[in-house]
Amino acid sequence: QVQLVESGGGLVQAGGSLRLSCAASGRTDDSYGMGWFRQAPGKEREFVAAVSWLGSSQYYLDSVKGRFTISRDNAKNTMYLQMNSLKPEDTAVYYCAARPPGHYTGSTYSYDYDYWGQGTQVTVSS
């Protein structure tokens, strides 16, 4: 089992930045890909970014490419999402997710993830 806790959300003006963190606990000695998803009010959950176990491969939603950067520090059991040039349409609850142990790559599909955090609210004002 892996437990995930997100932090770093908040209210920011358009053009501003936030850095989300996802702290993992439990079976953190296993290797697994991780990702960020988000859900805006009245919309389905969507993929935002994913990273492989060693951090060598990253995947991004087209609309966040060049603005968001996903990374991880396995020594600290923590994944990050640096969000720059934020837009009002980035407003959502952001969730971190982890794949089952042994699945080293990231994935853009929510069904590939077994473990989810509780979410952190990001609100971008215009």
Check: Trp116 and Leu4 side chains under 4.5 Å, non-hydrogen atoms
no
List the steps, then state whether side-chain contact (heavy atoms from CB on, under 4.5 Å) holds for Asp114 with Tyr32.
CA-CA 11 Å; Asp114 277 9; Tyr32 47 87; over 6 Å; no
Linking I/L/V/M/F/W/Y whenever their side-chain heavy atoms sit closer than 4.5 Å, directly or via other members, would Trp53 and Tyr80 fall into one cluster?
no
Taking the side chain from Glu6 and the backbone from Cys22, do they hold a donor-acceptor pair closer than 3.5 Å?
no
Taking ring pair (Phe, Tyr, Trp, His ring centres under 6.0 Å) as the test, write out the residues that go with Tyr95, two or more places apart.
none
side-chain contact (heavy atoms from CB on, under 4.5 Å), that's the test. Do Gln1 and Tyr115 meet it? Break it down for me.
CA-CA 8 Å; Gln1 290 287 341; Tyr115 308 103; 3.4 Å; yes
Output for pair (Met79 CE, Asn74 CG), nearest 0.5 Å, gives 11.0 Å
Ser52 and Arg72 side chains, donor-acceptor separation under 3.5 Å:
no
Determine, step by step, whether Asp62 and Lys65 satisfy the salt bridge (Lys or Arg N to Asp or Glu O under 4.0 Å) criterion, reporting the C-alpha distance in whole Å, the side-chain angles of both residues, the deciding distance to 0.1 Å, and the verdict.
CA-CA 5 Å; Asp62 284 347; Lys65 285 180 181 178; 3.1 Å; yes
For the atom pair CZ (Arg99) and CE (Met34), what is the distance rounded to the nearest 0.5 Å?
12.5 Å
In chain order, what residues pass the side-chain hydrogen bond (donor to acceptor under 3.5 Å, both in side chains) check against Tyr94, with sequence neighbours excluded?
Arg38
For residues 7-19, run the donor-acceptor check on the side chains, cut-off 3.5 Å, and write out each pair with its distance to 0.1 Å, sequence neighbours left out.
unit_1: Ser17; atom_1: OG; unit_2: Asn84; atom_2: OD1; d: 2.9

Is there side-chain contact between Leu81 and Phe68, with heavy atoms separated by less than 4.5 Å?
yes
Once rounded to the nearest 0.5 Å, what's the spacing between atom OG of Ser85 and atom CG of Asp90?
9.5 Å
Could you give the distance from OG (Ser126) to NZ (Lys87), rounded to the nearest 0.5 Å?
14.0 Å
Start with the C-alpha gap between Tyr113 and Ser107, add the side-chain angles, then the distance that decides, and say whether side-chain contact (heavy atoms from CB on, under 4.5 Å) holds.
CA-CA 8 Å; Tyr113 294 86; Ser107 172; 4.0 Å; yes
Between Thr78 (side chain) and Lys76 (backbone), is there a donor-acceptor pair under 3.5 Å?
yes
d(Leu20 CG, Cys96 SG) to nearest 0.5 Å is 9.5 Å
So Phe47 and Phe37, would you call those rings parallel, tilted or perpendicular, with 30° and 60° as cut-offs?
perpendicular
Thr123 and Gln121 side chains, donor-acceptor separation under 3.5 Å
yes
Pairwise distance CZ(Arg67) to CG(Leu61) - rounded to 0.5 angstrom
9.0 Å
